[in-house]
Chemist: 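One structure is given below, represented as structure tokens, and several questions about it will come after.
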Amino acid sequence: MSLSDRQGGGAEAPLLELTGVSKSFGGVAALRDVDFTLRRGEIHGLVGENGAGKSTTMKIIAGVHTEFEGEMRIGGRPVRLRSPRDALEQGVGMVHQELSVAPDLSVAENVFLGAQPLTRAGLVDWAKMNAEAKRLLAGFGLDLDPRARMGSLPVGVQQLVELSRVLFSGARILILDEPTSALSPPEVARLFDVLRRLREEGRSVIFISHFLDDVLAISDRVTVFRNGRKVVTEEVANLDKTAVIGHMIGRHAAELHAGEAAELAGDDSRKVVLELRRASLGRALDDFSLELRAGEITGVYGFMGCGQVELSRALFGKLPLDEGEIRLEGRPVRLGSTAAARRAGLALVPENRRMMLFRTEPVFKNVSISILDRISRLLLRPAREREIAAGHAADLQIRPPSPEIPLGSLSGGNQQKVALAKWLTHLPKVLILSEPTRGMDVGAKEDVIRILKTLRDRGVAILVLSTEPETILTLADRVTVMRKGAATRRFDRGRIAKSDLLEAA
Amino acid sequence: MTAETTAPARAGKGGLRALLVDQLRNIAPIFTLVALIVFFSFASASFFTVANAMNIMSQVSITGIIAVGLTFVILTAEIDLSVAAVANAVGITVAYFTLQPDYVNIANVPMHGVLAVLLTLASAFAFGALTAFGVTRIGIPSFIMTLAVMQIANGVSALLVRGQIAYSYPDIVTTLGSGSIFGVRWTIVICILFLAVAHVVLRYTRFGRYVYMVGGNREAAEYSGVNVKAILASVLIISAMCSGIAGMLGVAYFGSAQQNQFDTFLLDAIAAVVVGGTSLFGGRGGIFNTIIGLLVLGVLNNGLDHIQIDSFLKILIRGLILLAALVVNVYAQVLRERGPSADG
């Protein structure tokens, strides 16, 4: 396949153009009347909060969402993409945050995945494939053995190999989703070199990221989304980080809306219940320390993939730390299993509630599983289990309130309440919640917030991990901001605004 | 089983259908059993008699004890392929610790009967502990680990008897394995006892609940703070102990202890559990299912003898019945998963 430019439109036509694009899911508008242009040989940054419309826009451009209103042109010609494969044939390629590489195949096989060169006998032409792969990667400044196993290479290198596969497939428009979130600073610098080289070749890059410093460092222009609308497209020379954040959250809104700012009330006289000291864990945690105090909600804010998920797992005995120490009420503890963590008085509600729920089992068995050893010795006491479950159903307003109903027939918000109820019969010392209100309707969200504040006031040390600033600002008494496994900033007292979190992350 | 039947019954209009879908795994084996009994009763005059019923129960009693342990394992969505080999090795071990007649040429270690039985039980425990270690500590899938233990147990059997046959066992083993009480074989009584205790353990104890919950959703059990590895280790040890006891009784039942005499028991025990409707994916089923499965297998084997069928065809028929049971087993799971409603 040649990379030669398929000629279309005049010299003035932008490489890609969206006009009046709207998209809704089940009656809920995700994108409203978006105009967007991508020039030839441009790196275009795309920023906005979660749910602002960046991903929806990109999925339309990459052929994932095929139904939308409005018009899309590539090289001046109107197109209607039918699939991601179709998009690639039109020259649009995407590299996702979660790389789609085959770790057990060689580098060359990954570059040519599904399109291996063949010999005349119909066998894979290994010599040609390895030589071609080496040449392509050398163009990125990578000196790699094309026969090396993909999985043995650092993430940053794997990402470039995937990038070369997309380019090899003929992409003129490259969409990169959060490409720097897992990279170390030298790896980021190398990626930027590659992107600049692509720009010189006349290709265009759409760079989606939460890392505003990265966006401002590499982009020619930046487009900001908010609430499904495009707010602005601006030359990078006219922007700085504060201005971008201002566009992202809306200048005037910042001081007005609830959840946009909060008054922190960290109190150092409260007893430290759990202390994590200088923890390291793979690429997820990097010399990370944290203190949780009785009667306080500590919030940890960071972008997706910043290490929050691993942090919660390490504290609940699911992932062993490489280095560091966990101290509970002053004494070092070894949490070898989730059972050990539970017995020590720790509790976790993971971001995906299905992970801790039994869909086909009745509500009461879901609630009682975590406390069976407290309410029964040898024989079960089903009447007691039902009574406890019914009590929680009333307290938490779980609908319908029957403890017999299979969990799978409850709504998502009610399932979340059941997940929480598992830890409420005998209060834990430390309650860890990952994304406690994500995807919930307003009513259920308020219920959960009320429950968590009640628990805090009863003396539980609560840790809330979230990628949503609103969640953190609504709940937290103290905040730690996390970036690539490290704590970048701590807020203990005083007023804090959403922009402070975004700046620090 | 009561808890399973109540919930979907309230579903209202689609109630009957929902109930059938939910109970398919329980209804199909009972239907099969009744159909087989009716068929053989008409096909053979000697089939439907009290004496033959006792005969059938006696024939499945040893398999039944093995199947009890296997039910625990399969409920946690694991498998134990070493059951027959462990039964064989343990049966031979108890003979190895007993004084043999002069004409048996085995260099064995005779000792007091009680001690022999205790040591033999310890050897059964050791097999279970080995499997549990491999599966929970090292992380070898049970399918492969128990295959290795099967080979090890077969090796132990071979080394102990070296191609010979042993005939003597401690008195208590001989009595329970080949004797009767009030005209009922002890093995039947013991099998029923095992089934009853296992039922109580699975349905009414905390441990039993953990077994079902670990089988139903292992990840959720772990996130609920259940010690999943301890549960898995326990069921694998229970399985080895049941197999070991079945092996001890089995050599007395057969009247001899030798290599490879339990070979057919592996397939029979797995078939009993699965034909009965206990889910291969874990978390569903139980001892009632295993009882029905045992009876289906027993009636089939016994009935085919009564109608004088080609013994080679018999093997094929058993295979087809097992395949049909597997289809129902997997299909019941698929229907159930489409179950109550999609998550909201």
Side-chain angles (χ1 to χ4, degrees), chain A residues 313 316-318 336-344 346-350 352-373 375-382 385 400 402-415 419 422-423 428 439 441, chain B residues 2-12 14 18 21-22 25 136-137 200-233 279 281-284 332-344:
Chain A
R313 302 306 189 267
F316 194 55
K318 185 103 167 69
S337 67
T338 58
R342 179 175 65 82
R343 277 195 299 271
L346 279 75
L348 169 69
V349 179
N352 180 354
R353 47 191 165 265
R354 281 182 193 206
M355 284 179 181
M356 65 180 305
L357 295 173
F358 303 82
R359 227 170 72 77
T360 54
E361 298 290 349
V363 168
F364 81 89
K365 287 191 189 174
N366 271 283
V367 171
S368 64
I369 181 77
S370 332
I371 48 163
L372 279 182
D373 52 353
I375 59 174
S376 66
R377 284 178 191 281
L378 182 62
L379 293 183
L380 291 170
R381 293 166 64 199
E385 289 177 47
S402 161
E404 301 294 339
I405 196 166
L407 182 105
S409 38
L410 296 181
S411 73
N414 282 302
Q415 290 189 21
K422 295 174 87 142
W423 302 119
D441 63 66
Chain B
T2 44
E4 272 185 47
T5 44
T6 48
R10 75 183 67 244
V21 165
D22 191 58
R25 70 170 65 261
T136 63
R137 288 286 149 193
V200 169
V201 168
L202 282 173
R203 288 290 167 183
Y204 301 106
T205 69
R206 200 172 86 203
F207 173 73
R209 174 71 64 77
Y210 286 149
V211 168
Y212 275 96
M213 298 303 252
V214 165
N217 185 345
R218 186 170 299 181
E219 184 182 47
E222 192 171 8
Y223 275 107
S224 301
V226 174
N227 196 338
V228 173
K229 285 182 176 174
I231 302 298
L232 294 182
S279 171
F281 305 97
R284 296 276 143 194
Q333 188 75 13
V334 171
L335 283 181
R336 216 193 139 79
E337 273 176 8
R338 280 191 221 139
S341 73
D343 283 25

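Note that these values count all heavy atoms, side chains included, but never hydrogens, waters or copies made by symmetry. Every chain is numbered from 1, with letters handed out A, B, ... down the list of sequences. None of these values were measured; they are calculated from a predicted model.
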Chemist: Compare every heavy atom of Arg206(B) with every heavy atom of Arg377(A), then report the nearest pair and how far apart it is.
Modeler: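 Taking every non-hydrogen atom into account, O-NH1, 3.0 Å.
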Chemist: Is it the backbone or the side chain of Leu357(A) that comes under 4.5 Å from a heavy atom of chain B, or both, or neither?
Modeler: backbone
Chemist: Below 4.5 Å from any heavy atom of chain B, which atoms of Asp373(A) appear? Answer side chain, backbone, both or neither.
Modeler: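 The answer is both parts of Asp373(A).
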Chemist: Is it the side chain or the backbone of Arg313(A) that comes within 4.5 Å of chain B heavy atoms, both, or neither?
Modeler: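 For Arg313(A), side-chain heavy atoms alone lie under 4.5 Å from chain B.
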Chemist: Please name the residue in the list Ile369(A), Ile371(A), Thr338(A) that meets the side-chain contact (heavy atoms from CB on, under 4.5 Å) test with Ser224(B).
Modeler: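 So the option named by the test is Ile369(A).
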Chemist: Rounded to the nearest 0.5 Å, what separation is found between the NZ atom of Lys365(A) and the CZ atom of Arg209(B)?
Modeler: 5.0 Å
Chemist: Quick one: closest heavy-atom pair of Val226(B) and Ala339(A), and the distance?
Modeler: C-CB, 4.0 Å
Chemist: Looking at Ser337(A), Ser370(A), Ala419(A), which makes the most heavy-atom pairs under 4.5 Å with chain B?
Modeler: Ser370(A)
Chemist: Hey, what do you get for CE (Met356(A)) to CD (Glu219(B)), rounding to the nearest 0.5 Å?
Modeler: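 It comes to 11.0 Å.
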Chemist: Would you mind checking which part of Ala221(B) comes under 4.5 Å of any heavy atom in chain A, side chain (CB onward), backbone (N, CA, C, O), both or neither?
Modeler: both
Chemist: Please determine whether a side-chain nitrogen of the Lys or Arg among Glu361(A) and Arg284(B) lies less than 4.0 Å from a carboxylate oxygen of the Asp or Glu.
Modeler: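 So Glu361(A) pairs with Arg284(B) through a salt bridge.
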Chemist: Using a distance-only test with no angle check, is there a side-chain donor-acceptor pair under 3.5 angstrom linking Tyr223(B) and Arg342(A)?
Modeler: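 Result is no, nothing qualifies.
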